[in-house]
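Contents: one structure, followed by commentary.
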Protein chains: 2
Amino acid sequence: MEFRQLEYFVAVVETGSISAASRRVHIAQPALTRQMQLLEEGLGTPLLDRHARGVRLTVAGRMLYSEATRLLDERVDIKARLLALGSGQTGKLSLGVTVTHLWVPEVAKLMRGYRERYPQVALDVFTLLSGPQLEKLQQGGLDAGILYHDDHVPSGIEARLLQRDHLVLAVPASSSWVQSPPRRLVDLAETEFIWGYRSVSPVYYDRMVAHFARLNFEPRVVQYGADNITILSMISAGLGVAIVPAASSSHPTPGVRFIELEELTTCDMPLWLAWRAGEVSPVLDNFIQMAVEMFV
Amino acid sequence: MEFRQLEYFVAVVETGSISAASRRVHIAQPALTRQMQLLEEGLGTPLLDRHARGVRLTVAGRMLYSEATRLLDERVDIKARLLALGSGQTGKLSLGVTVTHLWVPEVAKLMRGYRERYPQVALDVFTLLSGPQLEKLQQGGLDAGILYHDDHVPSGIEARLLQRDHLVLAVPASSSWVQSPPRRLVDLAETEFIWGYRSVSPVYYDRMVAHFARLNFEPRVVQYGADNITILSMISAGLGVAIVPAASSSHPTPGVRFIELEELTTCDMPLWLAWRAGEVSPVLDNFIQMAVEMFV
DNA sequence: AAAATCCATACCAATATGATATGGATAGCA
DNA sequence: TGCTATCCATATCATATTGGTATGGATTTT
């Protein structure tokens, strides 16, 4: 029982004769006769009663006809679904983003644009900091992530540079620094700092610390915060100042002012789109392409 | 997308490599490689990621794998069901029987035997007299019928002789004929007869009437009855005597006595198994064969 | 009785499928 | 860092399957 034979058989049933069917499927009548014989032989049961005016179905033939049409319909349906999957029109994409970068206009635009262009794809977004994102990527929990990293992405991970971010000083709106901004980091030697944990974004942390080491600056840390939102809230509450990604300023936070300092602008913080190497599904491929276009 | 390719694909998925699968399906590795290429080409989407250690499924491949196993399972299932249908193990058989002959031991034994041997066949029994049975047979409402007929079965109907029945006289148990049975039909010239309608069993009626015409016997009919059961009930009620098929006596009826008369025994009433010509389904074929065996 | 259909068979051509030989790539190992 | 084993891909040839042409037998229609 082959698909071709089923197609022929359906044509025979629907035209009522082997001759008529042979015209419909564009093969010669003896060839079709032979295929019907092979089909019956392969199934071990007669399907057609041959008469001088054409053929009629046996009971078995009647059953096969309904099954055959169903199987053939399913075949085209499966093909269509495979095509949709293969071209990335349908599927699932788990994306990690740092909280901070959900605010960045280009990231929001990318997500809106992708969902508009590929409405059938389930785009699941997880807000995670860079460290957990990398972990989940490697474990397969995420398909892609938007995260900070240096040029040395771990083996098994591929990445594409989206943006070069840098750092800014964030101070309470009530702070005197708003009126008379500091010129250099040393001006902040006595100021109380809020600081982050290394574990949630090791690369970000290490790059920042290395940068300050080069500048011989060591902040007076009085408070720690788990993530950028927490830290900004603390600043707003007047608990201290902090050094945060410049991307934070895309999303104005009440009670917080951002101050650019030359020594912070030179701290390069590359933002990457990362994914597991060698496992680029069509859905992911489309996403990467759209990201590349959106970030020039 | 052909069944063969799906089988190969499933083997590739389950062994994890084209080489291993080629061993499992007993073809050479390059042939299998080519079939996988053809499958992907035909579906328009990649299914396998080729690596040095084997292959891995793409998202589309994962979908196809589940569909493929299902389709292949369905294929064997369909074949099995077709075989059952084609061999008459499953299906439906609408059988007509005259009320009288449900009582005949051989008929009951045939039906019990058939249902025991082919428990998966739905055997629908309709109790109809010979005339309606023939009509329903021709219209397709019945697949087979057990009925009286002469040798000239209508065109389009095939039949096989089961039994030669004859006639008997049925009288009320209270009748004086029980004590002193009649020798000849003429003895019954003055007796009140219950008679049947021609329409419900024309051949039976005509043969009987022709037989009596030859004997120059004309009964004094005082009452008509639609079928044999009705007539026997009327006899039991003392409404008259009747001439009925000898088969009736297989099933003793309270208040009725059966009397054999030589002139009635010689009235040949052949009982046939009849069906539509040229449309012998396997189920029907089995039934006919069993009937033939049972009636020697 | 002749013509028109329809299915089956016989035989040949075209196409599809599979086998063998071989090469390139990669992971594992010394 | 080579070496080896493994795996997939390609090229070429053989074989099997499928389809075409010619023809015949059976049956219905005219």
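The structure presented is a predicted model; accordingly, all values stated were derived computationally and were not measured. Quick note on labels: first sequence line is chain A, next is B, and so on, each numbered from 1. Quick note: numbers below take in every heavy atom, side chains included, and nothing from hydrogens, waters or symmetry partners.
B:S66 approaches B:M63 most closely through the heavy-atom pair OG-O, 3.0 Å.
Every pair passing ring pair (Phe, Tyr, Trp, His ring centres under 6.0 Å) that includes a residue from residues 271-290 of chain B is listed here, sequence neighbours excluded: B:Y114-B:F287. Here ring pair (Phe, Tyr, Trp, His ring centres under 6.0 Å) pairs that include residues 15-65 of chain A, with residues two or more places apart or in two chains, number zero.
A search for ring-ring contact (aromatic ring centres under 6.0 Å, His included) contacts involving A:F126 returns nothing, not counting sequence neighbours. Under the salt bridge (Lys or Arg N to Asp or Glu O under 4.0 Å) criterion, B:D49 pairs with no residue, sequence neighbours left out. Remark: A:P202 pairs with A:R198 by the side-chain contact (heavy atoms from CB on, under 4.5 Å) rule, at least two apart or across chains. In this view, B:R115 satisfies the salt bridge (Lys or Arg N to Asp or Glu O under 4.0 Å) rule with no residue, not counting sequence neighbours.
Dashed line: the shortest gap from a side-chain N or O of A:R50 to OP1 or OP2 of C:dA8 is under 4.0 Å.
Listed by residue number, B:Q29, B:P30, B:T33, B:Q37 are the residues of residues 29-41 of chain B with a heavy-atom contact under 4.0 Å to DNA chain D. Of the residues in residues 52-63 of chain B, those with a non-hydrogen atom less than 4.0 angstrom from any atom of DNA chain C are B:A52, B:R53. Within residues 7-18 of chain B, the residues having any heavy atom under 4.0 Å from DNA chain D are, by residue number, B:S17, B:I18.
Where the helix from C:dA1-D:dT30 to C:dA30-D:dT1 starts and where it ends, the local axes point in directions that differ by 30°; five pairs per end, rounded to 10°.
A distance of 8.5 Å separates CZ of A:R75 from CZ of B:F3, quoted to the nearest 0.5 Å.
Surrounding CZ of A:R70 are more than 12 heavy atoms belonging to other residues, nucleotides or ligands, all under 6.0 Å away.
Whole-Å rounding puts the B:F3 CZ to C:dT17 P distance at 15 Å.
Positionally, the nearest nucleotide of DNA chain D for A:Q5 lies more toward the 5' end than for the other of A:H51 and A:Q5.
Along DNA chain D, the stretch of nucleotides lying under 4.0 Å from any heavy atom of chain B spans, 5' to 3', D:dC7 to D:dA11.
Looking only at side-chain heavy atoms (C-beta outward), B:D124 and B:K92 come within less than 4.5 Å of each other.
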Could you list the donor-acceptor pairs under 3.5 angstrom formed by side chains in residues 35-46 of chain B, with sequence neighbours left out?
unit_1 : atom_1 : unit_2 : atom_2 : d
B:Q35  : OE1    : B:Q5   : NE2    : 3.2
B:E40  : OE1    : B:R50  : NH1    : 3.1
B:E40  : OE1    : B:R50  : NH2    : 3.1
B:E40  : OE2    : B:L47  : N      : 2.7
B:E40  : OE2    : B:L48  : N      : 3.1
B:E40  : OE2    : B:R50  : NH1    : 3.0

